[in-house]
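Everything on this sheet refers to the single structure shown next.
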Amino acid sequence: MGKRLTTFIFVALVLGLICGLALNASISDGTAASQARLESLAGYFSIVTTVFLRLIKMIIAPLVFSTLVSGIAQMGDTAALGRIGARSLAWFIAASLLSLGLGLILVNVFQPGVGLNLALPAATAGSGLETSAFNLKDFVAHIFPTSMVDAMAKNEILQIVIFSVFVGVAITAVGEKAAPLVRAIDALVHVSLQITDYVMRFAPFAVFAAVAGTLTERGPKVIGQLAYFMGTFYTSLIVLWLILLGIGFLFIGRRVIELVRYIREPLLVAFSTASSEAAYPRMLEALDRFGVPPRVASFVLPLGYSFNLDGSMIYMGFAAMFIAQAYGIHLPIETQITMLLVLMVTSKGIAGVPRASLVVIAATMPMFNIPEAGLLLILAVDHFLDMGRTATNVIGNAVASAVVAKWEGGFDPPQPIEIEPLHAPSGHGPAREVESFREL
């Protein structure tokens with residue numbers, strides 16, 4: 001099913017592109033009435049996308065909880081957990097600095113904002129984005145859940161990770177008495193991934209609706225107006241991909257090429273829906289089939305969703321500097337380095353926040369006398385940029401999981417790329433034991 005679903009998603013992406021542009025061309029005449037009609041049509045398309053994303057979010061919390069607890073239980077000791085956590089965070093910090101630094105370097109090389117010569121807006125002008133929540137106190141407090149039910153209801157992945165770590169460590173400490181609970185959690189993994197299989201069959205329709213709706217409302221003009229900015233940003237993403245895969249090659253060799261083949265479906269889903277959550281369940285399965293042990297993937301992947309958003313990182317530095325260039329604001333190199341370090345810290349609380357990258361940028365720019373209202377320059381094309389940076393987040397987390405797995409002793413035997421119905425993570429998880437599960 002996996003290969004066919006990837007094909008269907010790609011076909012849906014192309015058809016959505018054609019349909020959206022055709023509807024926009026046939027209706028748009030530059031008047032407010034035609035624009036209102038286009039927005040209404042786009043709203044109908046968004047119903048399909050919203051339903052799909054809600055179905056995905058429905059399964060994220062139980063999937064993260066069950067796979068992470070099961071993975072920790074498989075480790076058998078807290079020393080292994082601490083080692084994997086330390087190695088993961090070390091990789092995330094290095095990758096974040098790389099992404100932010102690359103964004104600042106390439107925006108200075110390409111200079112997409114130079115020559116726009118925009119007039120500075122009023123000092124009181126804002127972007128319309130809420131930025132007050134981004135401070136160290138609230139971020140640290142937000143990491144720890146007040147209620148597991150509340151964390152799961154809101155899909156707060158980092159809070160779910162914290163609670164799951166406590167549960168997994170407690171199960172390890174209790175030992176044999178917790179064996180029935182471990183079996184129940186393994187069963188929950190089976191069920192969660194079977195539900196995922198059902199939901200993902202709806203993905204091509206959601207991809208078609210997401211692309212068609214966006215292009216119906218905005219048309220090709222919105223891309224043309226900032227084409228150079230978009231082109232240079234996507235060029236930067238390609239460079240980041242090559243660097244990440246190159247670093248991955250240093251650790252896992254030629255298998256990094258196989259890794260890209262295994263994650264092509266979640267990569268395409270992430271790109272077309274601009275949602276990392278939509279790709280998460282399939283990413284977990286793809287990494288399992290590639291050979292990443294479940295105790296590694298089930299820990300590194302959800303943690304990466306909070307701390308290893310490479311595409312979002314490169315965008316923050318790139319977008320902030322683009323806006324400064326557009327207003328003719330010169331920032332010396334030492335100021336840019338300071339901005340990099342500030343973004344490095346503030347970006348770690350963005351998981352689960354709508355338009356999270358924009359919110360972090362808006363909160364950071366006033367510190368360097370860059371008009372916050374400058375974000376309005378790129379809001380129109382942000383969805384198209386979000387597609388690229390979301391796909392990059394998927395690549396970054398896939399490479400991180402594979403490298404940590406290599407550090408932890410290597411890979412499990414790989415499985416075929418095609419994903420059959422009834423699947424789940426390897427090891428003590430169902431993908432490797434699916435036949436015995438069916439016998440039950």
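Both backbone and side-chain heavy atoms feed into the values below; hydrogens, waters and symmetry mates do not.
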Review point. Between the side chains of Asp386 and Thr390, is a donor N or O closer than 3.5 angstrom to an acceptor N or O?
Key: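 Indeed, the side chains of Asp386 and Thr390 share at least one donor-acceptor pair under 3.5 Å.
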Exercise for review: Could you tell me whether the side chains of Thr216 and Asn24 share a donor-acceptor contact shorter than 3.5 Å?
Suggested key: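 No, because no side-chain N or O of Thr216 sits under 3.5 Å from a partner of the opposite role on Asn24.
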Side-chain ([X]) to main-chain ([Y]) donor-acceptor, under 3.5 angstrom:
X	Y	result
Ser298	Thr67	yes
Arg289	Pro416	yes
Thr235	Gly231	yes
Arg255	Phe290	yes
Tyr228	Phe110	yes
Glu39	Ser34	no
Thr335	Leu331	no
Asp412	Val292	no
Asn108	Leu104	yes
Tyr234	Gly388	yes

Review point. Sequence neighbours excluded, which residues qualify as ring pair (Phe, Tyr, Trp, His ring centres under 6.0 Å) partners of Tyr315?
Key: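 Only Phe233 meet the ring pair (Phe, Tyr, Trp, His ring centres under 6.0 Å) criterion with Tyr315.
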Check your understanding: If you draw a 6.0 Å radius around CZ in Phe411, do more than 12 non-hydrogen atoms from other residues or ligands fall strictly inside?
Key ->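 Yes, CZ of Phe411 has more than 12 neighbouring heavy atoms, counting only those of other groups under 6.0 Å.
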Review point. Does Tyr198 OH have over 12 foreign heavy atoms under 6.0 Å away?
Key: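 No, because the 6.0 Å sphere around OH of Tyr198 holds 12 heavy atoms or fewer from other groups.
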Check your understanding: In terms of ring plane angle, is the pair Phe322 and Phe229 parallel, tilted or perpendicular, where the classes change at 30° and 60°?
Key ->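 Rings of Phe322 and Phe229: parallel, under 30°.
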Point to revise | Name of the residue among Val296, Val300, Leu259 meeting side-chain contact (heavy atoms from CB on, under 4.5 Å) with Leu287 | key: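 That would be Leu259.
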Check: residues 398-408 side-chain donor-acceptor pairs under 3.5 Å, at least two apart:
{"from": "Ser401", "atom 1": "OG", "to": "Asn397", "atom 2": "O", "distance (Å)": "2.9"}
{"from": "Glu408", "atom 1": "OE1", "to": "Arg83", "atom 2": "NE", "distance (Å)": "3.3"}
{"from": "Glu408", "atom 1": "OE1", "to": "Arg83", "atom 2": "NH2", "distance (Å)": "2.9"}
{"from": "Glu408", "atom 1": "OE2", "to": "Arg83", "atom 2": "NE", "distance (Å)": "2.9"}
{"from": "Glu408", "atom 1": "OE2", "to": "Arg87", "atom 2": "NH1", "distance (Å)": "2.6"}

